[in-house]
Structure formats: structure tokens, C-alpha cells
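Just dropping this structure here.
Any value given below was found using the heavy atoms of this structure, including those in side chains, with hydrogens, waters and symmetry copies removed. Keep in mind that this is a model prediction, so the values were computed, not measured. Each chain gets a letter, A, B and so on, in the order the sequences are listed, and its residues count up from 1.
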Amino acid sequence: MTLRVRAAPAPSGSLHVGNVRTFLFNWLYARHLGGTFVLRIEDTDPARFSEEAFTAVLQDLKWLSLEWDEGPEVGGPYGPYRQSERSHLYAAAVSRLLESGWAYRCFCTAEELAQRRAEARAEGRPPGYDGRCRNLTADQIRRYEKEGRPAAVRFRLPEQDAVVFEDLVIGEVSTNVDRLDDFAIARSDGAALYNLAVVVDDGMMQISHVIRGDDLLSNTPKQILLHGALGNPIPRFAHLPQVLGPDRKPLSKRHGSTSISEFRQAGYLPEALVNFLALLGWGTAGDTILSVDELTTMFDIEDVHPSPAMLDPAKLDWMNGEYIRQLPEKELTRRLEPFYAGAGLISVPPSPEERQKVEAATPLVHTRMRRLAEAPDLVRGLFTEVEMDPAAVERVMREPHVPEFLKRAADALDSLDPWSKEGVEAVLRSIAEEVGVKPRKAFGPVYVAISGSTVSAPVFDLIALLGREESVRRLRKAEALSNRMDSGAAPYQKR
RNA sequence: GCCCCCAUCGACCAGCGGCCUAGGUCGCCACCCUUUCAAGGUGGAAACACGGGUUCGAAUCCCGUUGGGGGCACCA
């Protein structure tokens, strides 16, 4: 049997990382075993899904390089791959089920059902469907039809004790059939419902392994029964535990970024995200930085943990930093450009001068960030005038030696020849020595003067790139400020 | 309420009856390096949820307790 797995997102915008992990495990498993990865869009409910959301899903998958072998855009022998285009197939399946007695029409209205459900709950009975329309007489059916009551279609639970299957992740799962109810498979307007659509599609698309979130675990016995009624072979199942947030609750909006587009905007690299997500609920004793090829070789769905895993943002940040450091400078520069643009530091097609600055800044920021979006702040002063951060000013500019040091630094740079990073460094170091201040103390004010902050790319490089005129100007401005502070003025306030 | 799933350092993973004085990675702490911030180097603290079994022997197997999570729609 050939391995066929599928990702089946309901398109509601950019993908949730939890879903991405599920898809990744499907993808890795398929690649590991040389199987086929199918993408199927579960958009049966037209009111809920938009074309933009559909596009966003495809974009996310492409960005992560989780290419699909069959599905939208690429086609395949079992299309169409959007459930909204498959309703005729579901209708045919419903007819078959109706004819064979596996299903029956149910004339209960939504209001009646809701009321009976509430009563059952209140009395401590199971809230599932009570089977009222299970054995209607021909007369009753005729009467309902005459009244014009619309009918949903329900699956008729078989006389059997239990549904048992061997889950690849969880192990044996057994469900007593008397815990189930005659669940609906088609709405009264004729539209197919989730369980039916999934089973019809998994059957027709020859899906051999259903790998999905364990929120769908309780649907599995129903789907196994449906597969049987339809004469399908039963696929293997693997249910993945939920991804948790730092508070051990299922990862949701409350935890900040959860969608792939948000991670992309924050400056996470797709390769880092893939590596990180693969290690959530699965892993080895050894290395954690693993290429897609390595992951593919090692991955096995049976090794995935049955326990829920927490997404640790700190570890993701670390791993992303590792991947950033591994990038060649040229490639890093290319990926950084949108972030400088986003910070408003360069124009959208960058000018040649801007591009040059971005390129020159890359080695200065390379080891200093964990997310691409952090780069602009480290070299902001290179692109634009910066306000001196009041807290930093307080911290490093109050020392008595500061005005003199800044003055001499400005003077010396003003006449430095030739202008070079090495020259800048040599000059400033010798002044520090003359003034009798340790480098650490001496250069703090220079950082503030040049970049506005003490958290910054190395200042000698910045000065060299900024140029003589602008560097001297900023140093003199800071000197003026420090003079005022030294003379007992009120603490510096940002105006 | 009923049904189901889960349980090793703060986190992720290793462990699949003796090799465990429980290993790796992130984070944390300390020190080193150092022009800030990082990066890098060295070292350290840190876990088998609890209670019963089974066994010569249990983190590993079984049962219970506790704690977390999921599900119970004419949503997916």
C-alpha cells in the first residue's frame, strides 16, 4: 500500500502554528516514506470562508516550503481538492447511505433539538440525538413532507458494542457505541456535514493515514463507522496532542502571535519555524538544529508524544537566532530589506545608497538579533537622526569626565585622516586613556550620542559609516547636553 | 454532568525492567572574553506528580488518586 496523507485546513486566514505542526508532521511522514502529501481545503460552510483566507493558506504553506503533491493549483487524480466543489459527491454518498438503510431523514428542527438537548443535560442524560426520527412510519414521513418540514440526514448507528482502532500516537482507542448518537451527515438544506465530507474525501482520495489534531479524536469512531457503511478501507489514524501556550492552555490569541503571518512579520525564518515545530512533541536525544533533510530521514509518526507540548517562545527565538547566524551575509541582507522598509528607514524599492547602507549594516547586526525585525533598531542611527534615550542619558552622561571626553572626541574625529573604522577606534581609545577613563565607561556616551541608546551595533563601525560631518555633529550635540547636566541642570527630559 | 486523552528538570526531548549517582538542548545563575548589546567559552542549580501493587530489581509494567487537556451541533 502506498502512503497517502493529507492536510485539511478549514480556511479562516493565515494558518495557526498548531495546524502547521500537524501539516508538517504529515509532510515529514510522507517524505520519510516516499508517500504522497495531499492538500484538501475544507470549506463546506460557504458563510464562513473567504477567497482571501484560501489564498492566505496556500501562501503560508508555500512560505514554509511545505509543497503539496496533490491539491489546489497543482491538481491531481482525485480532484477537485476543495470541498466546496465536491458537493455532488457528498450528495451521491448520502443517497447511497439512505438507500442502503445506513442513514435516515430526520425532521426535527434545530429549535426542537436544542430544547431536547437542554432537557437531557438538565436531567443528567447524554445530550446526543435521541433517535426520535429513527423509525418513522411511512405515514409520519408523508405528513412531515406535506407540512413542508425540511429534513436533515442522520447516520444510523449499527448494532455493535464498540469501535476499536490502533492510533499511531495514542495507542489503542476503544469507544462504546452506546456513547455515540445518530449524528447528522447532511443539513436540511442538503449541504454535507463535516464527518460525511471527510470520510467521502478520505475514501475517494485513497488516504491511508489520517494525521490530525486530537481535538478530532472523538470524531474518529463515527468516521470509522461511516467508512464501513460506505465500503471504504479504514485508514490508519494518528492524533496529535494540542500545542499549548506558556500558561499550559491551548495556544491562542491571548498568547500573542499564533498565525504564521504574524511569525513571518516578527522576523522568524521559515526554516527555523519548521525545525522548531518538528521538535514539538517529537525529537531525538541529540542535536536540535536539524535540516529538513535530516528531519525527513529521522521522523516517524509513531515516535510522536501522546502528551501535549508547550510552545516555548524563548527556545524559538534562540533557534531563529541560530538560523540567522548561519545565513550568508548576502542572503541575510536580502531578507532584511523588507524589515528596514517596514521600519520606515528605507524607501520601498530602496535607492542605491540605501541598499548600500543596508548591506554595510548586515555584518554589524548579524549576531545581534534573534528575529529579523530587531535589526532596524540596532542601526537606526545610520539611516536617520535619533533622539537620545533619556534613561540612557541619565545612566551614562552624568559622569564628570563626559563633557571633556566628548569635546576631545569630536575635535579629534574632525581632523582624523584618513577616515576609517580603525582610525576612529584608535583615536577614541587614546583619548579615553588620556582622560583616564576605562573604555567601558568612556564609550557609553558615544553610543548614546551616535545611536541614541546603549543597545546598538558597535559604535566605531557606525561612526565610520555615518561619516565625519554627521558623527562630529552628533558628538557636539551630546557634549552640549552633558555640559548642561554637569552644571547642575535638572535631569535631562525628552522634550 | 457524561465520555475520552495525557503526566521525566521552568520548557522541549532521551530513557522503552538492571548500563540512571536520570542524559542532551533552550531558559536561568556564576565566571571568562568584551567599545554597548549580542555572539562565543567554562562551570552550576534544576525533574521521574502522589499512593498502592507486579518483580530479585521500576522513571520504565498494572491499578487508583490528584492535576491538566479534549469532546458531547443541521461548526470544522
Is any side-chain N or O of A/Ser188 under 3.5 Å from a base N or O of B/rC74, one able to act as donor and the other as acceptor?
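Indeed, a donor on one side and an acceptor on the other fall under 3.5 Å apart.
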A/Arg125 side-chain N/O to B/rG1 phosphate OP1/OP2 under 4.0 Å:
no
Under 6.0 Å between ring centres: does that hold for A/Tyr268 and A/Tyr323?
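No, too far apart.
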Given that both distances must come in under 3.5 Å, which nucleotide forms a Watson-Crick or G-U wobble pair with B/rC72?
B/rG1
Whom does B/rA11 pair with, Watson-Crick or G-U wobble, provided both distances fall under 3.5 Å?
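With both distances under 3.5 Å, B/rA11 matches B/rU25.
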Could you give the distance separating B/rC20 and B/rC32 at their P atoms, to the nearest angstrom?
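B/rC32 and B/rC20 have their P atoms separated by 35 Å.
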Determine whether A/Tyr340 and A/Phe383 satisfy the following criterion, ring pair (Phe, Tyr, Trp, His ring centres under 6.0 Å), listing intermediate values before the conclusion.
CA-CA 10 Å; A/Tyr340 286 112; A/Phe383 295 85; 5.4 Å; yes
Distance below 4.0 Å between A/Arg370 side-chain N/O and B/rC26 OP1 or OP2:
no
Report yes if at least one side-chain N or O of A/Arg116 is closer than 4.0 Å to OP1 or OP2 of B/rA73; otherwise report no.
no
Say you pick atom P in B/rC2 and the same atom in B/rG15; how far apart are they, in whole Å?
37 Å
Among the nucleotides B/rG40, B/rC74, B/rC12, which one has an atom lying closest to any side-chain atom of A/Ala152?
B/rC74
What nucleotide, of B/rG40, B/rA76, B/rU36, holds the atom closest to the side chain of A/Glu322?
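Of all the options, the side chain of A/Glu322 is nearest to B/rG40.
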